[in-house]
Amino acid sequence: MGEEYVPLSQLIGNKFYEIHNDICYGKHTHYWLKGGRGSTKSSFVSLEIVLGMMADETANAVVLRKVGMYLRDSVFEQIWWAICMLGVEEKWERKIAPLEITYKTTKQKILFRGADNPKKMKSIKCKKGYVKYIWYEEIDEFLGMKEIRSINQSLMRGGKRFCVFYTYNPPKNQNNWVNKECIQQREDKYIHHSTYLDVPKQWLGEPFFLEAEHIQKTQPEVYRHEYLGEVTGTEGVVFQNITLRKITQEEIQTFDCVARGLDWGYAIDPLHYTVNHYDKTRKRLYIYFEIQQRGLSNRKAYEMIKQENNKNGVIVADSAEPKSIAEMQEYGLRMIPAKKGPDSVSYGIKWLQSLEEIIIDPERCPKTAKEFIEYELEKENDGSWKAKFPDKQNHSIDAVRYAREQDMRIVRVV
């Protein structure tokens, strides 16, 4: 369109170049930008929306906060900041009642809405073009993906390409819906993490960095959460050593300490079968295969397990069902009962806690990832934590314990 404005390279940090190019080529639809204080993620999104609309005369935008009263002093001013920084404020017009910013040349609009009542989103209409850009600022303030999907379904209409931004500082608790949603992989989702350390110091000023250094020295956990945007968990979270990432086929081919475990289930509780590798030298456990399903007959479970375990490796199963173990043995599986013993649950979980890292592939093992992340101690009536580990939503954890019984016993003897 021949517009002249300050180059984006002067306004965004190096950490954002890759995601900027991804947006330009329309490689993804949903962009989740997380980070700590001063990471400039909101500044980046505001710049992308303004530039994107100036380059596409059919594009409009809707910017959302959960509570409408916070719009004017946050995202409305943020968008106007981007317009001013680009040096194109004479080409735009802003209006307070209702909150909107209009591109004078084409009458494209940036609308600002509170999501206090998602049904109101259905009334949004564009006189020209469609809502190409949607921005959820402070996404963790929203109630969950059901609410987000409802809004998206109302806004994502009438166009071929959409760009939806979700910006937030990760909540401390891993169980928060935002943190759990972020680990759910989709082909149209791009996840980006930035911190103040990725930003030129002169943009934030020396006092900001001095304050960050002070917090780092005096309150390291606060620093990790607020400035680095890390999910630091809660006191009740059992496993603080979880890493969720893709485990490649190339890695799997090198695994030489593979074990298999099975936790029985049928109607209420699901059967869970796990395959994992243990790096004894580095104390790292890799979990890369699962079967978890309710209503499985032993015969059907055998057929599913056999597809993975074609070399008939040993499977350690819960000893509580000797008849099921015998039936699996009759089918030809090398299945043996777990030895368990007194205090075996507590010891097994503590052994898992002691590992340097438990690496779970969330794409291959989504149910395992969910259970390990969400496994928490329960509270007494007075608010204190119970000493006993809860016996619920732990099917994958039990299966992994059975699989690694031998490794635990070796450590115990020593």
Quiz item: Is the number of heavy atoms from other residues, nucleotides or ligands under 6.0 Å of Glu90 CD greater than 12?
Solution: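 Yes, CD of Glu90 has more than 12 neighbouring heavy atoms, counting only those of other groups under 6.0 Å.
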Exercise. Kindly check if the number of other-residue, nucleotide or ligand heavy atoms within 6.0 Å of CD (Glu363) is above 12?
Key: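 Counting other residues, nucleotides and ligands, CD of Glu363 stays at 12 neighbours or fewer.
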What I want to find out is whether [X] reaches [Y] closely enough, with some N-O distance under 4.0 Å, to be called a salt bridge.
X	Y	result
Arg94	Glu77	yes
Arg284	Glu357	yes
Arg245	Glu251	yes
Glu356	Arg282	no

Quiz item: Using a distance-only test with no angle check, is there a side-chain donor-acceptor pair under 3.5 angstrom linking His277 and Tyr288?
Solution: no
Self-check item: Criterion side-chain hydrogen bond (donor to acceptor under 3.5 Å, both in side chains) on Asn169 and Lys41, from CA distance to verdict
Solution: CA-CA 10 Å; Asn169 290 18; Lys41 54 190 179 297; 2.8 Å; yes
Practice problem: Return the orientation label for the Trp92 and Tyr103 ring planes: parallel under 30°, perpendicular over 60°, tilted otherwise. | Solution: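 Aromatic pair Trp92/Tyr103 classed tilted.
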Quiz prompt | Among Lys340, Lys339, Arg401, the one residue meeting salt bridge (Lys or Arg N to Asp or Glu O under 4.0 Å) with Asp318 | solution = Lys340
Quiz item: Do you know which two heavy atoms are closest between Glu137 and Ser42, and how far apart they sit?
Solution: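 Heavy atoms only, the tightest pair is OE2-OG, 3.0 Å.
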Practice problem: Take Ser396 and Glu371, measure what side-chain hydrogen bond (donor to acceptor under 3.5 Å, both in side chains) needs, and give me the verdict at the end. | Solution: CA-CA 7 Å; Ser396 63; Glu371 286 190 3; 2.7 Å; yes
Quiz prompt | Sequence neighbours excluded - ring pair (Phe, Tyr, Trp, His ring centres under 6.0 Å) pairs with any residue from residues 40-62 | solution = Phe16-Phe44
Quiz item: How would you list, by chain and number, every residue that makes a side-chain hydrogen bond (donor to acceptor under 3.5 Å, both in side chains) with Glu378, sequence neighbours excluded?
Solution: Lys392
Practice problem: Step by step, work out the side-chain hydrogen bond (donor to acceptor under 3.5 Å, both in side chains) result for Tyr196 and Arg37. | Solution: CA-CA 7 Å; Tyr196 77 99; Arg37 292 179 182 176; over 6 Å; no
Practice problem: Could you walk me through whether Glu230 and Thr232 pass the side-chain hydrogen bond (donor to acceptor under 3.5 Å, both in side chains) test, one step at a time? | Solution: CA-CA 6 Å; Glu230 295 182 7; Thr232 55; over 6 Å; no
Quiz item: Which one of Ile191, Ile139, Ile19 satisfies the side chain to side chain contact (heavy atoms under 4.5 Å, CB included) criterion with Leu33?
Solution: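 Exactly one option meets the side chain to side chain contact (heavy atoms under 4.5 Å, CB included) with Leu33, and it is Ile19.
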Quiz prompt | Qualifying residue, where the test is side chain to side chain contact (heavy atoms under 4.5 Å, CB included) with His395 and the options are Asp269, Val400, Leu262 | solution =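 Testing each of Asp269, Val400, Leu262 against His395, the sole residue satisfying side chain to side chain contact (heavy atoms under 4.5 Å, CB included) is Asp269.
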